[in-house]
Amino acid sequence: MDTENGDQMSPRARFASDLEHYRKKMKLSQISLSARMRCHTSLISHVERGRRTPTLEFAEAADQAFELDSHFVKLYRQITHSPALGWFARWVEEIEPQAVILQSWDPLLVPGLLQTPEYARAIFSTAFPPERAEERVQARTRRMQIFEGPTPPTLLALVDESVLDRPIGGPAVLLNQLCYLHELTQHPRITIQVVPTAAACVVGMVSAFALARLRDGTEVVSTDSLLSGHVTGDHETVAQLKVRYDTIRADAHSQTVSQRAIGDAIRKWSK
C-alpha cells in the first residue's frame with residue numbers, strides 16, 4: 001500500500017482503497033468477503049468503488065474479517081467527522097433509503113436532492129477544496145437513485161420563488177437546473193411547490209430543513225446549512241419542524257401553478 005498517496009486521500013476514499021487492498025492481500029473475492037462480513041456482495045462492491053459510505057457496523061465487520069485493530073472503525077470515525085460529509089452521509093445512507101415520505105424546504109437554493117451536478121458543484125466549490133467538493137457533488141447527485149428502487153419514497157419539495165431568479169453558477173447552470181426541475185414535476189413520486197416571494201414567509205427564513213418518515217413509522221429531521229447540519233429524531237424538534245413545514249406549505253402555489261412558474265423562469269433565462 002502506498003502510504004504517501006493514502007495520506008492524501010479523503011477518509012472515505014482511503015476506506016474504499018484499504019478494503020480492496022486487504023481483500024486482495026488475503027486472496028478473497030468480493031463474494032468470499034461478503035460471506036465473512038455477513039453482508040450482501042453488492043455492498044462490498046459499492047463501498048470499494050466509493051458509491052456507498054460505510055456504516056459503523058460495516059467497519060466493525062471489516063476489522064473482524066481482516067483481524068485488524070480498529071483500522072476501519074478509525075477510518076469510519078474520520079468520515080463521520082469530515083466537514084465534507086459527516087451528518088450528510090448519515091442522512092443519505094441511513095435515512096433517505098428507508099423513507100416512505102420525504103418533505104423538504106430551502107429558502108435559498110434548489111433542494112439538494114433535486115440539484116444537477118453543475119448546480120451542486122457551484123455551491124460546494126465555494127466552501128471546500130476541489131477533491132472534497134467533488135466528493136460532496138457525487139454524493140448529492142447519487143441521491144436520486146432512491147426513486148429507482150422497488151419502493152421509492154414520496155417527495156414533497158417546497159422551493160422559494162426567489163430561487164428561480166438566483167443564478168447559482170451563472171445563467172447557463174441555472175437554466176439547466178430549472179429545466180431539470182421542470183422535468184421532475186412530471187415524476188409520479190415528486191411534488192414540487194413554489195412558495196411565492198409575496199408570501200413573506202418569515203417562518204421559513206431561519207434555515208433549510210427536511211423531514212423523513214421511515215418504514216417503521218419513525219420520524220427524523222435534518223437541518224441544513226452550507227457548512228454544517230444536524231440529524232435528529234427528537235420528538236419535540238420533529239414536531240416543531242412539522243408545524244413550520246405546514247405553515248410554509250399553506251402559502252405555497254399549487255403544483256400546477258408552480259409548474260407554470262418554473263416554466264416562466266425557464267423562458268426568462270433562455271433569452
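In this text, all values refer to a predicted model and were calculated from it rather than measured experimentally. Reckoned from all heavy atoms, side chains included, excluding hydrogens, waters and symmetry mates.
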The reported gap from CG in L241 to CD in E236 (rounded to nearest 0.5 angstrom) is 10.5 Å
Decide whether V195 and V243 are clustered together by the hydrophobic rule: side chain heavy atoms of Ile, Leu, Val, Met, Phe, Trp, Tyr closer than 4.5 Å, transitively. no
About how many Å separate CD of Q30 and NE2 of H46, when rounded to the nearest 0.5 Å? 10.0 Å
Only one of Q259, R260, Q255 forms a side chain to side chain donor-acceptor pair (under 3.5 Å) with T185, so which one is it? Q259
Go through the steps for Q64 and R36 under the test side chain to side chain contact (heavy atoms under 4.5 Å, CB included), then give the verdict. CA-CA 9 Å; Q64 185 175 358; R36 286 194 178 202; over 6 Å; no
Minimum heavy-atom separation for P111 and A157, please, with both atom names. CG-CB, 4.3 Å
Do V238 and V100 belong to the same hydrophobic cluster, where Ile, Leu, Val, Met, Phe, Trp and Tyr are linked whenever their side-chain heavy atoms lie under 4.5 Å apart, directly or via other members? no
Between L56 and Y76 the two heavy atoms that sit nearest each other are N-CE1, 3.4 Å
Nearest 0.5 Å, please: how far is CD in E20 from CZ in R49? 9.5 Å
Side chain to side chain contact (heavy atoms under 4.5 Å, CB included) for L155 and H187? Distances and angles first, verdict last. CA-CA 10 Å; L155 170 65; H187 195 290; over 6 Å; no
In this structure, CG of D160 is separated from OG1 of T197 (nearest 0.5 Å) by 5.5 Å
Mind listing the closest non-hydrogen atom pair of G263 and H182 along with its distance? N-CD2, 3.8 Å
Less than 4.5 Å apart, any side-chain heavy atom of L113 and any of E96? yes
List the atom of P117, the atom of V137, and the distance in Å for their closest heavy-atom pair. O-CG1, 3.8 Å
When you compare the side chain of L164 with that of L178, does any pair of heavy atoms fall below 4.5 Å? yes
Closest heavy-atom contact between P153 and A99? CB-O, 3.3 Å
Just verifying a value: how many Å separate H235 NE2 and Q240 CD, rounded to the nearest 0.5 Å? 10.0 Å
Taking the side chain from Y119 and the backbone from V110, do they hold a donor-acceptor pair closer than 3.5 Å? yes
For the residue pair I146 and L102, establish whether any side-chain heavy-atom pair is separated by less than 4.5 Å. yes
Return the orientation label for the F15 and F58 ring planes: parallel under 30°, perpendicular over 60°, tilted otherwise. tilted
Does the side chain of W105 come within less than 4.5 Å of R244's, by heavy atoms? no
Where the side chain of S70 meets the backbone of V73, is there a donor-acceptor pair that is under 3.5 Å apart? no
Sidechain-backbone polar pair: E161 side chain, V194 backbone, donor-acceptor under 3.5 Å: no
Go through the steps to decide whether Q193 and H253 satisfy the test side chain to side chain contact (heavy atoms under 4.5 Å, CB included), and finish with yes or no. CA-CA 6 Å; Q193 290 180 261; H253 288 312; 5.9 Å; no
Would you call R267 and D264 a salt bridge, using N to O less than 4.0 angstrom? yes
With a 4.5 Å cut-off on side-chain heavy atoms, are S258 and I192 touching? no
Begin from the C-alpha positions of D165 and K268 and carry the test side chain to side chain contact (heavy atoms under 4.5 Å, CB included) through to its verdict. CA-CA 9 Å; D165 264 334; K268 170 187 172 182; 2.5 Å; yes
Determine, using the 4.5 Å side-chain heavy-atom cutoff (strictly less than), whether M26 and L43 are members of one ILVMFWY cluster. yes
Has R23 got more than 12 heavy atoms of other residues, nucleotides or ligands less than 6.0 Å from its CZ? yes
Are the side chains of M144 and I190 in touch, meaning some heavy atoms are under 4.5 Å apart? yes
Determine yes or no for a side-chain-to-main-chain donor-acceptor pair under 3.5 angstrom, with R249 supplying the side chain and L158 the backbone. no
Residue pair R166 / L108: nearest heavy atoms and the distance that separates them: NH1-O, 2.7 Å
Decide if atom CG of D69 counts as having more than 12 heavy atoms of other residues, nucleotides or ligands within a radius under 6.0 Å. no
Once you measure the plane-to-plane angle for F72 and F66, does it fall in the parallel (<30°), tilted (30-60°) or perpendicular (>60°) bin? tilted
Is the backbone of A13 close enough, under 3.5 Å, to the side chain of S17 for a donor and an acceptor to pair up by distance? no
When rounded to the nearest 0.5 angstrom, what is the spacing between CD1 in I44 and CD1 in I31? 11.0 Å
Sub-4.5 Å side-chain heavy-atom contact between Q177 and E118: no
ILVMFWY network linking V257 to V159, side-chain heavy atoms under 4.5 angstrom: no
What about I101 and I95, same hydrophobic cluster or not, with Ile/Leu/Val/Met/Phe/Trp/Tyr joined at side-chain heavy-atom distances under 4.5 Å? no
Sub-4.5 Å side-chain heavy-atom contact between D106 and V163: no
